[in-house]
Colleague: 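Okay, here's the structure, questions in a sec.
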Protein chains: 2
Amino acid sequence: MLDELDDSTTVADSALARLTQVILDGELKPGAKVSEPELARRFGISRAPLREAIRRLEERSVLTRAPRLGARVVVLSPAKVEQIFIVREAVEGMIAREAATRITDSEIAQLRENLARQKARSEEIGFSTFLTRELDSDFHTFIARCSRNEFLIKFLCEDYATLIGLCRKHLRQVPERAYRAFVEHGRIVDALADRDADMAELAMRRHIQASRQMMVASVQESGGEGVRHRRRLPK
Amino acid sequence: MLDELDDSTTVADSALARLTQVILDGELKPGAKVSEPELARRFGISRAPLREAIRRLEERSVLTRAPRLGARVVVLSPAKVEQIFIVREAVEGMIAREAATRITDSEIAQLRENLARQKARSEEIGFSTFLTRELDSDFHTFIARCSRNEFLIKFLCEDYATLIGLCRKHLRQVPERAYRAFVEHGRIVDALADRDADMAELAMRRHIQASRQMMVASVQESGGEGVRHRRRLPK
DNA sequence: AATAGAAAAAGTGTCGACAAAAAATCTGCG
DNA sequence: CGCAGATTTTTTGTCGACACTTTTTCTATT
């Protein structure tokens with residue numbers, strides 16, 4: 001095109017990144033139609049690379065597709081959010097277990113630093129959690145990398161990252177929960193520091209269970225089950 | 001086109017199925033280049049739908065891609081096989097846990113039927129395992145469906161199915177292992193029948209751990225770490 | 001006026017084409 | 001005879017076009 005330097009990154013790859021951002025920003029809301037011509041125009045690209053990005057997000061369960069009806073942003077009903085957290089519990093539990101035997105002292109120090117930032121930020125803004133979301137996300141992905149397992153890492157940091165990001169938006173976190181999460185994070189780090197694999201897995205699973213319960217209680221019946229690829233969405 | 005009736009299934013979807021089969025059949029061996037023009041010719045389709053299929057297999061970690069060098073079939077080094085089994089242990093353990101509280105009596109009966117077939121087949125052909133592979137795969141996917149969790153099901157039956165199929169080829173199973181697997185399957189079904197979630201998860205995890213250890217011992221150093229997107233593969 | 005049917009518009013799935021990059025081949029020099 | 005550089009060929013990434021399906025709009029009838 002006529003823009004800056006691409007430097008060996010393809011249009012399809014950047015389309016994936018941009019489309020992901022559009023969805024996480026809420027510009028394309030759950031249930032919204034993903035129009036190929038419209039997005040292609042908006043991104044200034046043709047439909048071919050855009051379709052590749054759509055296929056990949058479909059593979060990640062972020063988009064749902066029906067053969068001739070196009071793609072839509074997934075609607076996360078409370079039931080689905082709960083199911084996603086079950087998967088997270090399994091995978092992140094194993095991540096903590098594997099990390100416990102492989103984490104370095106330096107990495108543990110970095111985790112404690114992250115904890116300190118969480119605490120400072122929380123006390124500063126009274127455990128309101130708009131900005132601690134990023135720190136929380138960092139905390140979990142950092143531990144994933146300590147597992148030294150490329151498939152566990154890919155799962156949490158790529159495959160499920162967008163879906164988890166969508167789940168997070170459902171959660172109007174209460175300060176109380178933020179504090180509990182902070183305490184739970186501390187327990188996880190302690191277990192990792194002890195290289196106690198069993199305890200690390202258990203602490204991580206309990207942490208995600210607690211998040212799930214809070215999420216379910218919070219969501220209640222905000223997001224309906226519906227939007228099953230109807231013909232057109234009402235404006 | 002000019003062939004029979006497509007009936008709402010797209011060329012891209014069937015391309016995904018065919019390409020998956022070609023890889024599982026071993027026609028495209030690990031490390032082999034996935035040539036778009038060649039496969040498009042072979043399948044009698046254009047490159048556009050083929051590329052969508054390739055992107056999806058890439059998302060499933062079956063293919064690896066470098067921006068302008070094309071895609072290659074993933075090379076499963078012993079280390080990678082071990083990592084994949086770690087993921088399986090986490091996910092299938094949770095599958096067993098969730099299934100324990102949701103499985104019906106009818107489904108338990110079906111599982112016992114599968115076990116009977118496994119036993120019959122094994123005694124018939126002396127626990128040689130060429131044909132029991134399918135029964136084993138059925139066993140695991142059936143339990144996945146009993147979890148009633150669409151994300152767990154999708155993970156095992158779609159996302160990781162091809163990768164697990166590739167792992168299986170590494171394992172030159174010994175009759176002894178087949179018998180042990182049969183016993184372990186029985187323990188899993190017993191735990192499910194008792195609706196004992198803890199036991200079901202533990203039994204499944206031990207089963208997959210045993211498979212992993214057998215696999216690692218079997219593979220040894222058969223598949224090298226190499227083939228890191230070199231320019232061309234020697235014929 | 002409301003509904004059913006027909007016509008028009010828009011969207012998806014697929015194809016062929018082209019530019020740029022990579023791989024293979026050819027060529028000349030040591 | 002081997003190797004470095006240049007040339008040809010192949011392949012990838014992207015685009016525009018077209019057919020067929022779905023959706024919307026228009027029209028006519030009860």
Side-chain angles (χ1 to χ4, degrees), chain A residues 1-19 22 28 31-59 63-73 227-235, chain B residues 1-19 22 28 31-59 63-73 227-235:
Chain A
M1 306 316 111
L2 42 102
D3 45 304
E4 58 278 9
L5 48 152
D6 283 0
D7 199 72
S8 87
T9 179
T10 66
V11 174
D13 288 335
S14 72
L16 175 66
R18 291 188 67 176
L19 182 51
V22 166
L28 274 176
K33 181 95 170 39
V34 179
S35 166
E36 295 181 8
E38 184 188 324
L39 281 170
R41 230 177 305 125
R42 174 170 172 179
F43 292 166
I45 63 178
S46 86
R47 283 174 50 221
L50 179 66
R51 279 175 70 88
E52 293 188 6
I54 290 175
R55 288 298 165 279
R56 284 161 79 162
L57 283 180
E58 184 193 344
E59 202 66 23
L63 301 179
T64 60
R65 185 178 64 101
R68 299 239 163 216
L69 304 180
R72 286 184 182 282
V73 180
V227 190
R228 275 262 167 276
H229 271 294
R230 44 211 278 203
R231 300 297 164 171
R232 263 295 180 240
L233 206 67
K235 297 179 205 166
Chain B
M1 305 324 104
L2 43 102
D3 45 303
E4 59 276 11
L5 49 152
D6 282 1
D7 200 71
S8 87
T9 180
T10 67
V11 174
D13 288 335
S14 71
L16 175 65
R18 291 189 68 178
L19 182 51
V22 166
L28 275 175
K33 182 93 170 39
V34 178
S35 165
E36 295 181 8
E38 184 188 324
L39 281 171
R41 230 177 305 127
R42 173 170 172 179
F43 292 168
I45 63 179
S46 87
R47 282 174 52 220
L50 179 66
R51 279 175 70 89
E52 293 189 6
I54 290 175
R55 287 299 165 279
R56 284 160 78 161
L57 283 180
E58 183 193 345
E59 202 66 21
L63 301 180
T64 60
R65 185 178 64 102
R68 300 240 164 215
L69 303 179
R72 288 186 181 280
V73 180
V227 190
R228 275 262 169 274
H229 269 295
R230 44 212 275 203
R231 298 297 165 172
R232 262 299 180 234
L233 208 66
K235 298 178 204 167

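Values below: every heavy atom of this structure, side chains too, minus hydrogens, waters and symmetry copies. In what follows, every chain begins at residue 1, and chains take the letters A, B, ... in the order their sequences are listed.
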Colleague: If I compare all heavy atoms of A:A12 with all of A:E52, which pair ends up nearest, and what's the gap?
Modeller: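 Between these two residues, the closest heavy atoms are CB-OE1, 3.6 Å.
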Colleague: Just verifying a value: how many Å separate A:S35 OG and A:R42 CZ, rounded to the nearest 0.5 Å?
Modeller: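 Atom-to-atom, A:S35:OG and A:R42:CZ are 11.5 Å apart.
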Colleague: Find the distance B:E58:CD to D:dT12:P and express it as a whole number of Å.
Modeller: 13 Å
Colleague: Step by step, would you call B:D13 with B:R56 a salt bridge (Lys or Arg N to Asp or Glu O under 4.0 Å)?
Modeller: CA-CA 10 Å; B:D13 288 335; B:R56 284 160 78 161; 3.4 Å; yes
Colleague: Has A:K33 got a side-chain N or O lying under 4.0 Å from the OP1 or OP2 atom of D:dT22?
Modeller: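 For D:dT22, OP1/OP2 do not have a side-chain N/O of A:K33 under 4.0 Å.
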Colleague: Where is the tightest heavy-atom contact between A:R72 and A:G31, given as atom of each residue plus distance?
Modeller: NH1-O, 2.9 Å
Colleague: Enter the distance from A:E59:CD to A:I54:CD1 here, rounded to the nearest 0.5 Å.
Modeller: 14.0 Å
Colleague: Send over the distance from A:R72 CZ to D:dT22 P, rounded to a whole Å.
Modeller: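 Those two atoms, CZ and P, are 14 Å apart.
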Colleague: Using atom CD of A:E38 as one end and atom C1' of C:dA9 as the other, report the distance to the nearest whole Å.
Modeller: 16 Å
Colleague: What is the distance, to the nearest angstrom, from the CG atom on A:L39 to the C1' atom on C:dG11?
Modeller: 13 Å
Colleague: Could you give the CZ-to-P distance, from A:R65 to D:dT21, as a whole number of Å?
Modeller: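 My rounded result for the distance is 17 Å.
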Colleague: Would you jot down, in residue-number order, the residues of residues 46-55 of chain B having a non-hydrogen atom under 4.0 Å from DNA chain D?
Modeller: B:R47, B:R51, B:R55
Colleague: Let me know the distance between CD of B:E36 and P of D:dT12, rounded to the nearest Å.
Modeller: 5 Å
Colleague: Closest heavy-atom contact between A:L63 and A:V73?
Modeller: CD2-CA, 3.8 Å
Colleague: Tell me the interatomic distance from B:R68, atom CZ, to D:dG13, atom C1', rounded to whole angstroms.
Modeller: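 Taking atom C1' of D:dG13 as the reference, CZ of B:R68 is at 5 Å.
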Colleague: Compare the minimum distances between each of C:dT12, C:dA22, C:dG13 and the side chain of B:T10, then state the nucleotide with the smallest one.
Modeller: C:dG13
Colleague: To the nearest Å, how far apart are A:D13 CG and D:dT12 C1'?
Modeller: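 Roughly 13 Å, once rounded to whole Å.
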